[in-house]
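Read through the structure below, which is laid out as structure tokens, and then see the notes.
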Amino acid sequence: MGGGVATQYGDGADRVVAAVNILNYVAGQVGKTVRFGPNHAIADAGTFRQLTDLVADMAAGKVDLLLVHGANPGHTLPAGFSQALGKVGFKVSFSSYWDETAAASDLVLPDLHPLEQWGDARPRVGIHALQQPVMQPVFPNTMHAGDVLLRVSGKAGTFKDFLQNRWKELHQRVGKGRDFADFWTDALQHGGLYGEAPNQPVRLDPGIGQLLGEVASAGSGAARESLLIVFPSLALHDGRGANKPWLQELPDPVSKITWHAWVEVHPETAAKWQLANGDILLLKSPHGAVRAPVWITPGIRPDVLAVPTGQGHKAYGRYARDRSFNAFELLSDAPADFGGRAFAVRVSVVKTGDHRRLATVEGDAREQGRGIIEVLSLAQARELKSGAHPFEEREAPQYAEEALKAWAEAQHQKASLGDYAGTAPRWGMAIDLSKCTGCSACVTACYAENNLATVGEELVVRRRQMSWLRIERYYTADADGRRVGAVVNPMLCQQCGNAPCEPVCPVYAAYHTPDGLNGQVYNRCVGTRYCANNCPYKVRYFNWFNFAEPGGEWESWPDPLNMLLNPDVTVREKGVMEKCTFCVQRIRGAQNRARLEDRSVRDGDITPACAQACPSEAIVFGDLRDRSSLVARLAADPRGYHVHTELNTKPAITYLARVVHGAAGGA
């Protein structure tokens with residue numbers, strides 16, 4: 001599918017979409033994977049050109065009443081919008097947060113959260129999506145924006161009544177004689193109505209190749225002048241997530257920077273301009289100027305700079321206000337030739353002489369031959385047979401093999417005598433690196449499920465973090481070192497069968513459970529950190545602050561954040577070691593339910609938070625001793641390998657090697 005930042009400047013839309021359509025046509029996917037149907041009513045949606053026309057009318061005093069819903073143009077649009085807003089007769093914001101637009105409005109009517117309200121949508125032809133509330137409103141002073149408009153207009157009933165009346169019209173067209181009550185209940189159960197859009201045959205336009213032509217070079221321009229690309233932040237998007245400390249502390253999957261924005265510079269450019277990581281640059285465009293710290297990366301062209309959006313709020317709460325810079329200030333407020341907003345602009349670059357430490361959790365950029373992320377070419381993967389082991393794993397030196405064999409035999413004898421260790425499950429995971437995109441949804445899910453506290457920018461600058469799960473990023477290169485890429489790997493507690501952390505704990509806070517988990521007794525731990533020193537995976541974390549202390553330097557649970565705490569998980573305090581538990585509260589809950597129902601735990605009964613949140617289903621959890629379970633079958637996959645198996649830690653997590661087109665580059 002053609003899209004993304006590449007289509008947001010110049011003739012990028014024409015070039016990228018044309019190239020994608022040609023590839024789909026040549027690959028024979030048109031009409032199969034890619035189908036063209038009747039056009040959606042996209043003309044009813046607003047465009048950026050219409051928005052600029054609205055701003056012009058506002059500036060001319062032609063707008064008496066402005067309603068703003070689901071947007072924060074006071075942050076995402078240039079200063080011209082805020083100036084024009086002052087000439088509007090009456091301004092109403094439906095924002096649930098005190099953002100820039102709400103602060104400049106005459107009236108703020110907080111809308112319900114999406115989880116609290118009714119609604120519907122039509123994302124494409126053939127689909128009518130239906131949204132229903134899944135929780136009661138948390139705050140009493142909120143109301144659905146639809147209910148507000150109905151009351152103001154003097155209409156009777158609620159927005160739910162209005163929605164049902166609209167669906168009655170749909171029922172008359174597609175209900176097929178069913179009673180409306182059954183039709184409505186069925187739509188609620190399935191989240192809407194799903195039908196196939198008619199497939200429209202298309203042909204390749206002979207003139208499409210003319211749109212491609214020669215790719216225009218960005219050019220080096222004048223000294224210290226470059227093309228700047230503004231791209232959306234993965235966690236904060238256009239800034240709507242900046243008021244949430246979870247997302248502020250979520251490291252960018254590539255730069256690994258948190259809590260502030262940056263400017264990406266190629267190593268060749270950095271060497272030419274004599275820059276180091278953290279040097280502050282003044283970026284000036286014809287529309288504005290910002291100060292940005294440098295992050296040097298080979299993942300960008302030498303003649304291009306890039307900055308993320310999301311930061312630079314002047315309001316929007318304690319976690320977003322007055323933090324870093326707003327990349328939107330560099331962009332033009334005029335629509336581009338293709339009608340949208342151009343996210344690229346020429347900037348001049350000035351070294352300020354200032355410097356700051358980046359708030360990054362980045363580790364080594366290379367694996368240094370440790371085999372943490374294994375990569376196979378597509379040809380190699382296709383040649384793999386069942387039972388093959390392309391990644392040689394030796395758990396111990398050769399001289400110790402006899403002792404290991406004797407130990408295994410002794411364990412087998414204990415199991416045959418009815419020892420509990422022979423009947424208990426062995427919980428484990430399989431993580432497919434070919435499916436993992438590094439989106440970090442699993443990281444934030446772990447925060448939500450396990451009451452993980454955020455530590456703030458100052459402690460991250462000091463290289464301290466609390467996340468039980470991290471996305472490791474390593475650069476790769478081809479044989480000549482010219483083509484640079486990146487690979488990612490979710491790293492969490494490996495729940496080792498022979499755990500190095502357990503024998504070094506002086507108070508036995510780290511222990512081994514009968515079902516193979518590396519347990520942690522919080523009220524026994526005295527925070528010696530011996531276990532963290534002995535962990536080769538570096539996945540045990542020391543709680544650095546009393547996060548529940550009111551009025552402290554950094555409060556992680558001030559109202560209303562205390563409402564998000566999971567009551568099934570202990571809230572830890574300063575001085576204890578923490579780590580992943582495979583969401584042991586979910587494991588024990590499923591075991592208790594199975595016991596009450598007088599049955600065994602079935603495969604799929606337990607899903608940790610990280611696996612539940614993974615959009616590509618790269619993480620699979622289950623019992624490794626159940627040979628019929630999905631995780632056991634994946635653990636036996638020829639692509640499977642373990643990290644640091646040479647240390648004889650016997651990890652319970654099996655990684656499936658990433659498969660790439662072409663030769664597998666080294667990291």
Side-chain angles (χ1 to χ4, degrees), residues 35 37-42 44-45 69-70 94 96 109-199 441 445 448-449 563-564 566-568 586 589-590 592-594 596-599 601-609 611-617 630:
R35 295 182 298 166
N39 291 329
H40 202 344
I42 195 67
D44 296 337
H69 178 266
F94 290 96
S96 299
L109 301 173
D111 195 10
L112 294 174
H113 189 275
L115 295 178
E116 302 169 342
Q117 61 180 244
W118 290 92
D120 63 353
R122 197 177 179 197
R124 68 166 175 82
V125 175
I127 294 182
H128 298 266
L130 183 59
Q131 171 188 347
Q132 62 178 315
V134 296
M135 59 184 294
Q136 293 292 329
V138 175
F139 301 105
N141 59 341
T142 57
M143 182 183 292
H144 195 297
D147 284 320
V148 174
L149 296 179
L150 287 173
R151 291 193 181 189
V152 171
S153 61
K155 301 290 184 180
T158 65
F159 182 77
K160 178 184 177 181
D161 300 327
F162 173 80
L163 186 67
Q164 281 187 315
N165 290 333
R166 292 297 300 270
W167 275 69
K168 287 179 180 178
E169 300 175 5
L170 179 63
H171 168 253
Q172 294 175 356
R173 299 199 308 269
V174 299
K176 299 179 180 179
R178 284 192 299 167
D179 181 71
F180 175 74
D182 295 336
F183 174 81
W184 176 257
T185 302
D186 186 67
L188 286 178
Q189 180 181 356
H190 294 91
L193 300 178
Y194 303 92
E196 288 294 329
N199 195 8
E449 175 71 18
M563 301 173 67
L564 57 81
N566 184 351
D568 293 331
R586 296 192 177 195
N592 291 337
R593 285 193 299 272
L596 291 173
E597 297 171 6
D598 195 21
R599 61 173 176 84
V601 177
R602 294 185 291 261
D603 188 35
D605 279 355
I606 306 170
T607 304
Q612 180 182 357
C614 181
S616 61
E617 299 182 352
L630 178 57

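Heavy-atom basis, side chains included; hydrogens, waters and symmetry copies ignored.
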Does the pair Phe159 and Leu149 meet the rule for a side-chain contact (heavy atoms from CB on, under 4.5 Å), with working shown?
CA-CA 9 Å; Phe159 182 77; Leu149 296 179; over 6 Å; no
According to side chain to side chain contact (heavy atoms under 4.5 Å, CB included), who are the partners of [X], at least two apart in sequence or on a separate chain?
X      : result
Leu630 : Asp603, Val620, Arg633, Leu634
Asn592 : Arg595
Thr185 : none

Let me have the donor-acceptor pairs involving side chains of residues 174-182, under 3.5 Å, with sequence neighbours excluded, atom names and distances please.
| residue | atom | partner | partner atom | Å |
| --- | --- | --- | --- | --- |
| Asp179 | OD2 | Ala181 | N | 3.0 |

The side-chain hydrogen bond (donor to acceptor under 3.5 Å, both in side chains) partners of Asp568 (sequence neighbours excluded) come to none
Hits for side-chain hydrogen bond (donor to acceptor under 3.5 Å, both in side chains) against Trp167, two or more places apart or cross-chain, chain-then-number order -> Asp120
I need the minimum non-hydrogen distance between [X] and [Y], along with the two atoms involved.
X      : Y      : value
Ser96  : Pro110 : CA-CB, 4.2 Å
Arg122 : Gly126 : NH2-N, 4.4 Å
Thr607 : Ala611 : CG2-CB, 3.9 Å
Ala590 : Ile606 : CB-CG1, 3.4 Å
Pro615 : Ala441 : CD-CB, 4.3 Å

CZ of Arg586 to CG of Asn566, rounded to nearest 0.5 Å, is 8.0 Å
Name all residues meeting the salt bridge (Lys or Arg N to Asp or Glu O under 4.0 Å) criterion together with [X]; count only those two or more places apart in sequence or in a different chain, and write none if there are none.
X      : result
Arg593 : none
Glu617 : none
Arg151 : none
Arg599 : Glu597, Asp605

Here the salt bridge (charged side-chain N to carboxylate O under 4.0 Å, His left out) pairs for residues 156-169, sequence neighbours left out, are Arg166-Glu169
Q.
Using side-chain contact (heavy atoms from CB on, under 4.5 Å), reason through Trp184 and Gln164 one step at a time and then give a plain yes or no.
A. CA-CA 8 Å; Trp184 176 257; Gln164 281 187 315; 3.3 Å; yes
Compare all side-chain heavy atoms of Val148 with those of Phe94 and state whether any distance is below 4.5 angstrom. yes
Below 3.5 Å, can you tabulate the donor-acceptor pairs from side chains in residues 127-144 to any protein atom, sequence neighbours excluded?
| residue | atom | partner | partner atom | Å |
| --- | --- | --- | --- | --- |
| Gln131 | NE2 | Pro114 | O | 2.7 |
| Gln131 | NE2 | Gln117 | O | 3.4 |
| Gln132 | NE2 | Leu188 | O | 3.3 |
| Thr142 | OG1 | Phe139 | O | 2.9 |
| His144 | ND1 | Gly146 | N | 2.8 |
| His144 | NE2 | Trp118 | O | 2.9 |

Query raised in the report: Is a side-chain N or O of Asp111 found less than 3.5 angstrom from the main chain of Ala145, in a donor-acceptor match?
Result: yes
